[in-house]
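All heavy atoms count here, side chains included; hydrogens, waters and symmetry mates do not.
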Amino acid sequence: MEFTFSDEQQQLRRSVREFAEGEIAPHVMEWDEASHFPAEILPKLAEMGLLGVIFPEQYGGAGLGYIEYALAIEELSRVDGSVGLTVAAHNSLCSNHIYKFGSEAQKKKYLAPLAQGKMVGAWSLTEPEAGSDAGGTRTTAVRQGSEWVLNGAKTFTTNGHYAGVCVAMAVTDKSKDSHGISAFLVEKGTPGFKPGKKENKLGMRASDTSEVIFSDCRVPAENLLGEEGKGFINSLQILDGGRISIAALALGMAQGALDAALKYAQQRKQFGKAISEFQAIQFKLADMATQVEAARLLVYQAAWLADQKSARFTAESSMAKLFASEVAVRVANECVQIHGGYGFIKDYPAEKFYRDVKLCTIGEGTSEIQKLVIARGLLKTK
Amino acid sequence: MNIIVCIKQVPAKDAPLAISGNWIKESDIGFEMNEPDSYALEEALRLKEKHGGEVIALSMGPERVKQTIKEALAKGADRAIHVADDNFHQLDPLGSARALAAAIQKEKCDLVLTGLQSDDHGFGQTGVLLAGLLNLPHATLIMSIEAAEGKMKLKRELEAGWFQWIECPLPAVLSIQSGINKVRYATLKGIMAAKKKEIATVTRESLGVSAEATQRVEKIYVPVKSKQTEFLTGSAKEVAAKLVEKLKFEARVI
């Protein structure tokens with residue numbers, strides 16, 4: 001058993017941390033306040049290799065595994081969850097769907113520019129009446145000659161307004177329920193495809209969450225991604241990896257909130273001493289640190305399993321996502337509490353962590369859905 | 001243009017400071033690349049990108065120094081030399097410069113770059129002494145390097161916002177002013193590529209350099225913070241005169 005990161009992994013953590021503190025931290029509040037998607041940071045993320053972490057070098061990726069990927073997401077999210085989310089959705093949803101299930105031609109055409117960061121990607125599964133329940137999917141794709149015609153709308157698509165390509169799920173055979181859903185590659189600028197309403201959110205405000213709308217949107221037959229009818233089944237596998245990135249996202253924000261609380265507790269003086277000298281605060285800090293460390297173990301265990309290729313990691317990635325996101329919510333809550341009144345105002349980072357972390361118990365499967373996934377695994381084996 | 005950059009590993013800026021003997025306690029702290037040296041490395045990488053050649057990172061100290069060497073390789077240095085010794089922090093600038101000079105003399109290089117000073121001891125002497133030992137021209141506080149046809153045009157920072165342009169032949173030793181450039185981050189690909197790069201380890205003994213110091217740190221200590229309030233009494237004129245006297249002769253700030 002080995003609990004240490006390799007020299008390269010530690011270097012990666014330091015480097016992404018320096019990058020996040022140097023390039024992202026100075027703008028975090030401004031982006032959050034203005035709900036500004038920081039497109040200007042994308043070329044820098046690309047230069048760092050953060051937009052193609054898990055893809056082979058032949059496509060311009062960094063050729064690394066899920067441990068390195070989770071480290072990168074954790075460190076970005078420690079400074080800004082929104083940037084962590086943008087990078088996570090780009091890597092493990094959109095790009096990974098093309099990498100795992102796309103043809104060689106599709107990989108050359110779409111994965112290469114995505115991995116090199118020449119464009120960002122979006123991935124559209126959720127609809128107003130279909131989130132965790134795939135059967136409610138209304139968006140359809142009908143084959144007409146050498147084209148597919150898409151109609152419908154998707155909600156909560158990360159990077160929807162800025163994506164160069166969107167991987168969208170649509171019903172191709174209504175009679176087959178979840179086995180009648182297929183994935184399609186839709187390029188930005190395709191007639192009939194446009195991003196809709198940009199959501200005004202509680203947190204993660206610098207990440208773009210949008211509707212995407214398909215109205216008689218025609219894509220060539222070769223834009224069917226993966227096998228016809230396998231779109232939803234493939235999506236579930238993509239979400240196994242995606243959950244690791246959301247778990248890492250939650251972990252990074254929890255660490256950020258813990259760091260902020262530690263710093264404040266040592267600076268803030270009451271009754272003639274730093275509040276960190278009071279046991280009431282010490283107990284909070286100890287609980288927070290212990291929970292963060294436990295979350296970290298689950299996150300990197302799931303990432304390690306994902307890197308073993310042969311092993312299944314559905315339950316473990318769900319456990320990591322469930323636990324890390326619930327921990328992040330609790331830690332951010334305590335971070336605000338330790339800050340007292342200053343935790344409630346925007347001069348300190350506490351309130352932003354508090355708003356941002358909530359996404360993690362919801363996005364890419366709510367905590368309740370994670371429990372269903374975990375229970376399903378438990379009961380099947382017995 | 002082949003460039004050697006001297007890089008020191010120093011205690012991390014956020015490391016908790018605890019004193020042990022005549023140095024700080026190193027067992028529980030993290031280490032990082034000396035920040036002034038990171039500007040020298042960046043300048044070397046930019047010169048290489050412009051003129052070709054190779055950048056060699058040179059560092060000395062115990063095994064842990066490899067972490068900083070790998071960072072230099074991840075940022076783009078082509079190979080590295082590690083002068084391995086556990087007692088380098090005991091060395092004074094002259095001892096350090098002797099070891100560095102001995103390692104540099106085994107290489108063929110056009111330019112040696114150092115940072116302005118180290119973030120731990122802060123003597124600011126190693127670069128100067130190195131040039132003396134190598135018998136090479138030297139300039140400090142370099143703000144800009146324009147190399148062409150075997151010589152360089154250098155911009156130096158002087159006091160009070162003044163700059164000086166000088167011409168300097170190659171090879172030479174230059175001490176780079178901090179803040180001269182924006183230091184790059186190690187990219188994911190750079191970090192992985194560094195795994196395959198050569199780190200040549202040489203021992204201090206094999207370079208024929210003595211570990212004996214020519215100067216010794218007597219004592220290090222954390223200055224005691226004190227807060228004293230003194231009320232001056234008298235007329236405004238008298239108080240002002242007393243205040244000026246105290247600021248001049250006691251506080252020595254005016």
Side-chain angles (χ1 to χ4, degrees), chain A residues 4-26 41 43-73 75-76 79 87 91 115-117 259 262-263 266-267 272 276, chain B residues 7 9-17 29-35 37-39 41-42 45-46 49 57 59 62-77 80 82 119 178-179 181-199 201 225 227:
Chain A
T4 52
F5 292 106
S6 71
D7 285 352
E8 286 72 29
Q9 287 162 347
Q10 291 178 43
Q11 169 73 57
L12 187 151
R13 182 191 282 283
R14 282 194 300 273
S15 194
V16 178
R17 179 173 291 203
E18 275 174 28
F19 172 82
E21 288 178 347
E23 306 296 324
I24 299 170
I41 199 82
K44 293 177 182 175
L45 291 166
E47 172 80 33
M48 286 293 288
L50 292 166
L51 296 179
V53 185
I54 45 178
F55 309 110
E57 289 174 70
Q58 67 187 97
Y59 302 112
L64 297 171
Y66 269 84
I67 291 191
E68 291 82 5
Y69 176 48
L71 278 168
I73 298 291
E75 287 302 326
L76 289 173
V79 169
V87 172
N91 268 287
Q116 291 161 30
D259 291 346
L262 271 170
K263 187 176 165 195
Q266 291 173 88
Q267 283 171 353
S276 61
Chain B
I7 296 170
Q9 189 187 49
V10 296
K13 282 188 194 68
D14 57 359
L17 201 61
I29 61 173
F31 288 85
E32 62 188 21
M33 186 185 293
N34 180 42
E35 193 186 329
D37 297 342
S38 68
Y39 297 106
L41 173 64
E42 179 64 36
L45 295 172
R46 289 181 188 198
E49 280 158 8
S59 192
E63 188 64 20
R64 61 167 157 77
V65 167
K66 284 229 172 84
Q67 177 198 311
T68 293
I69 289 175
K70 283 181 183 172
E71 186 182 332
L73 294 173
K75 286 187 173 179
H82 175 208
D119 282 341
S178 294
N181 47 40
K182 186 175 187 295
V183 172
R184 70 191 65 189
Y185 303 101
T187 66
L188 271 52
K189 281 183 188 171
I191 292 167
M192 298 321 286
K195 269 172 94 167
K196 299 189 191 90
K197 292 179 180 173
E198 177 202 338
I199 303 176
T201 302
K225 275 189 206 163
K227 205 158 120 188

Item to check | Residue selection (most heavy-atom pairs with chain A, distance under 4.5 Å) from B:E32, B:K70, B:M192, B:Q67 | outcome: B:Q67

Item to check | Ionic contact status for B:K75 with B:E71, cut-off 4.0 Å | outcome: yes

Checklist entry - Is it the backbone or the side chain of A:L12 that comes under 4.5 Å from a heavy atom of chain B, or both, or neither? => result both

Checklist entry - Is it true that B:E35 and B:K13 make a salt bridge, defined as a side-chain N closer than 4.0 Å to a carboxylate O? => result yes

Next on the checklist: Whether the side chain of B:K189 engages the backbone of A:G63 through a donor-acceptor N/O pair (distance < 3.5 Å, no angle test) should be reported.
Outcome noted: no

Next on the checklist: Are B:K66 and B:T201 packed together at the side-chain level, in the sense that at least one heavy-atom pair is separated by less than 4.5 angstrom?
Outcome noted: yes

Item to check | Contacting moiety of A:E23, where chain B heavy atoms sit under 4.5 Å | outcome: both

